[in-house]
Amino acid sequence: MIRNLAKLNKTIGTRFYQTSSRGSFNGGNNGKTAFKSIIGASVGLAVLFAGSSLLDQEKQSEPTPIDVKEKKPQPPKTKEEYQRKMDEEYDIEQFKYVIIGGGTAAYHAIDKILENDKEATILLISKEYDVPYQRPPLTKSLWATKDDNVVNTLDFSDWSGKKQNLLYEPESIYGNDVLQFIRTKKVVDLHIDEKLVLLNDGKLIRYDKCLIATGGEPRQLKFTSTNDKKISTYRTVDDFRKLYEFVKDGDKHVTVLGGGFLGSELTCSINANFQDKNIKIDQVFPEPGVLSTLFPEYLSKYATDEIVKSGVKVHSGTLIKDVVDNSENGRLTVTLNNGESFETDHVVVAAGIIPNTNVVKSTSLEIDTVNGGYVVNPELQARTDLYVAGDVASYYDFSLGVRRRVEHHDHARATGEMAGSNMSTKNTPAPYTYQPFFWSDLTPGVGFEAVGNTNSKLKTFSVWEKPSSDDSKQSYTKGNIYYLNDNNVVVGVLCYGNYGKMDTARDIILKRKVVQDLNQLQHAIDFDEHH
Ligand SMILES: Cc1cc2nc3c(=O)[nH]c(=O)nc-3n(C[C@H](O)[C@H](O)[C@H](O)COP(=O)(O)OP(=O)(O)OC[C@H]3O[C@@H](n4cnc5c(N)ncnc54)[C@H](O)[C@@H]3O)c2cc1C
């Protein structure tokens with residue numbers, strides 16, 4: 001549990017605003033009234049900041065008709081007064097910090113704000129029902145619990161056997177005078193000059209500082225069948241719940257479209273944990289092998305072979321041409337571009353994400369036309385008092401000398417922290433210079449950590465631990481792969497089966513040293529046991 005949020009729970013206690021069903025928080029049992037009552041403290045703050053005028057008004061008795069006649073309404077004298085009148089008239093609530101998006105970047109930003117600003121009033125707005133949670137276990141450990149109640153508890157054991165929960169913090173930590181949460185509502189516009197956020201229910205909220213942490217939306221593909229119960233994407237905990245409920249009783253066929261991280265991890269997890277329940281999986285992707293934009297060709301082939309060996313039917317170099325409802329048996333018929341076809345019960349489309357840059361309509365923010373996402377400066381600002389973090393941020397990577405957009409957990413955590421810190425610090429905001437790492441686990445023998453630019457199109461140099469003498473078959477257990485640019489400078493490192501080496505790898509990248517002889521890299525990262 002994160003320190004500052006935990007502290008918040010202890011010091012101020014929590015108020016519960018339960019909804020009767022999995023519906024909207026704001027429109028649930030307590031609805032608008034509950035929401036308004038829990039921000040009592042923040043309204044109080046606004047009054048104090050604005051001077052005594054509102055408090056004075058409250059004390060005054062009802063004006064007589066004569067009073068009204070004599071006192072002509074005065075136009076607002078200051079911008080603040082105008083704003084206050086407008087906020088009253090339109091029922092606009094104000095928060096010091098408004099965080100759009102309820103994911104990893106948002107969570108870590110809030111934690112930093114709570115650390116820096118003891119007078120923070122924070123509003124978190126998320127399209128999702130669930131309070132912030134980590135996504136990596138959705139394709140990994142959550143499938144391995146052997147407990148069907150996992151869809152409710154969201155409890156799992158991590159790689160070290162430690163018990164964890166998917167939610168960063170329990171529900172009870174949200175919904176108090178300091179930290180509010182609006183769930184299942186979408187921000188549809190930002191009026192940047194007015195510092196207003198517009199929700200899809202028409203509600204306006206004013207902010208002093210705002211963070212856009214809206215991540216990405218799974219890419220959808222069009223097929224003849226439009227049955228969204230049988231053709232789904234996969235990104236949220238709700239997607240996990242639905243898919244788990246679908247496969248848990250066994251005797252089903254699932255098709256996974258995609259050979260990247262998400263598609264491959266999901267394929268491997270379902271296969272490893274539900275094969276004994278007769279869950280069969282076909283994985284289809286256009287690349288020659290899994291993770292082929294990352295792994296050198298030989299390793300992508302090896303990893304694909306491992307997946308095949310584990311019982312998955314892999315269709316590499318193949319596209320799904322169409323998915324059609326089979327009215328005779330209620331299943332789906334999948335047709336591939338090589339002419340093959342097969343029947344399936346469910347298709348999961350894991351074809352990448354599109355960054356969620358649809359929250360600003362009234363004004364424009366610069367969009368990175370190459371990488372997608374909102375362009376930010378080194379302090380992660382898109383405009384004054386408007387910050388962007390996580391998957392949706394396009395930033396300049398100082399150590400690699402390129403503009404990038406990164407779709408990984410550690411980057412969302414680090415940019416969230418940095419944005420939250422810059423939003424709430426009294427000091428000069430700091431630039432984001434961190435080099436984030438990422439990881440993936442497929443089969444027990446295929447897992448890695450990596451940092452920097454690990455594009456398989458770059459020149460690579462691989463160093464593998466020598467197999468033990470009795471190991472006759474070709475297998476890759478522990479290795480370090482270095483990715484070099486045209487100047488022979490290491491720009492990325494992937495440590496395969498060799499964990500805990502990311503600091504060393506990061507140092508190598510930061511040195512930007514020209515590698516004269518590739519053999520110099522032989523011992524750059526060791527193969528010591530880490531855990
Ligand atoms: C299944 C899965 C497994 C992963 N595994 C790994 C892994 O092993 N290693 C790794 O490094 N990375 C992994 N990732 C990637 C990592 O989880 C993401 O990079 C990270 O979640 C990005 O965080 P974020 O806060 O930027 O966005 P998100 O976590 O996507 O959060 C964005 C939030 O904003 C909300 N939102 C969007 N638009 C609006 C709007 N207009 N109004 C209100 N709310 C909105 C969304 O609903 C969402 O709640 C995985 C991702 C997935 C989906």
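Count residues from 1 along the sequence. Just so you know, ligand 1 is whichever comes first in the structure, and atom 1 is the first atom listed for that ligand. Just so it is clear, the structure is predicted and the values come from calculations on it, not from any experiment.
Taking Ser316 as the reference, Phe285, Val314 meet the side chain to side chain contact (heavy atoms under 4.5 Å, CB included) condition, with sequence neighbours excluded. Residues passing the side-chain hydrogen bond (donor to acceptor under 3.5 Å, both in side chains) test with Arg235 are Asp391, sequence neighbours excluded.
The aromatic rings of Tyr244 and Phe274 lie perpendicular to each other, with more than 60° between the two planes, well past the 30° mark. Between Tyr174 and Phe181, the angle of the ring planes lies from 30° to 60°, which puts this pair in the tilted group.
Annotation: Lys313, atom NZ; neighbour count of heavy atoms from other residues, nucleotides and ligands within 6.0 Å does not exceed 12.
Among residue pairs with one or both ends in residues 356-369, none qualify as salt bridge (Lys or Arg N to Asp or Glu O under 4.0 Å); sequence neighbours excluded.
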Identify all pairs of nitrogen or oxygen atoms, one from ligand 1 and one from the protein, separated by less than 3.5 Å, and list them with distances.
unit_1: ligand 1; atom_1: 5 (N); unit_2: Lys140; atom_2: NZ; d: 3.2
unit_1: ligand 1; atom_1: 8 (O); unit_2: Lys140; atom_2: NZ; d: 2.4
unit_1: ligand 1; atom_1: 8 (O); unit_2: Trp439; atom_2: O; d: 3.4
unit_1: ligand 1; atom_1: 9 (N); unit_2: Trp439; atom_2: O; d: 3.3
unit_1: ligand 1; atom_1: 11 (O); unit_2: His409; atom_2: N; d: 3.1
unit_1: ligand 1; atom_1: 12 (N); unit_2: His409; atom_2: N; d: 3.2
unit_1: ligand 1; atom_1: 19 (O); unit_2: Asp391; atom_2: OD1; d: 2.7
unit_1: ligand 1; atom_1: 19 (O); unit_2: Asp391; atom_2: OD2; d: 3.4
unit_1: ligand 1; atom_1: 19 (O); unit_2: His408; atom_2: N; d: 3.1
unit_1: ligand 1; atom_1: 19 (O); unit_2: His408; atom_2: O; d: 3.4
unit_1: ligand 1; atom_1: 25 (O); unit_2: Thr104; atom_2: N; d: 3.2
unit_1: ligand 1; atom_1: 25 (O); unit_2: Ala105; atom_2: N; d: 2.9
unit_1: ligand 1; atom_1: 26 (O); unit_2: Asp391; atom_2: N; d: 2.9
unit_1: ligand 1; atom_1: 29 (O); unit_2: Arg135; atom_2: NE; d: 2.8
unit_1: ligand 1; atom_1: 29 (O); unit_2: Arg135; atom_2: NH2; d: 3.2
unit_1: ligand 1; atom_1: 30 (O); unit_2: Arg135; atom_2: NE; d: 3.4
unit_1: ligand 1; atom_1: 30 (O); unit_2: Arg135; atom_2: NH2; d: 3.4
unit_1: ligand 1; atom_1: 30 (O); unit_2: Arg235; atom_2: NE; d: 3.4
unit_1: ligand 1; atom_1: 30 (O); unit_2: Arg235; atom_2: NH2; d: 2.8
unit_1: ligand 1; atom_1: 31 (O); unit_2: Arg135; atom_2: NH2; d: 3.4
unit_1: ligand 1; atom_1: 41 (N); unit_2: Val187; atom_2: O; d: 3.0
unit_1: ligand 1; atom_1: 42 (N); unit_2: Val187; atom_2: N; d: 2.9
unit_1: ligand 1; atom_1: 44 (N); unit_2: Lys127; atom_2: N; d: 3.1
unit_1: ligand 1; atom_1: 49 (O); unit_2: Glu128; atom_2: OE2; d: 2.6

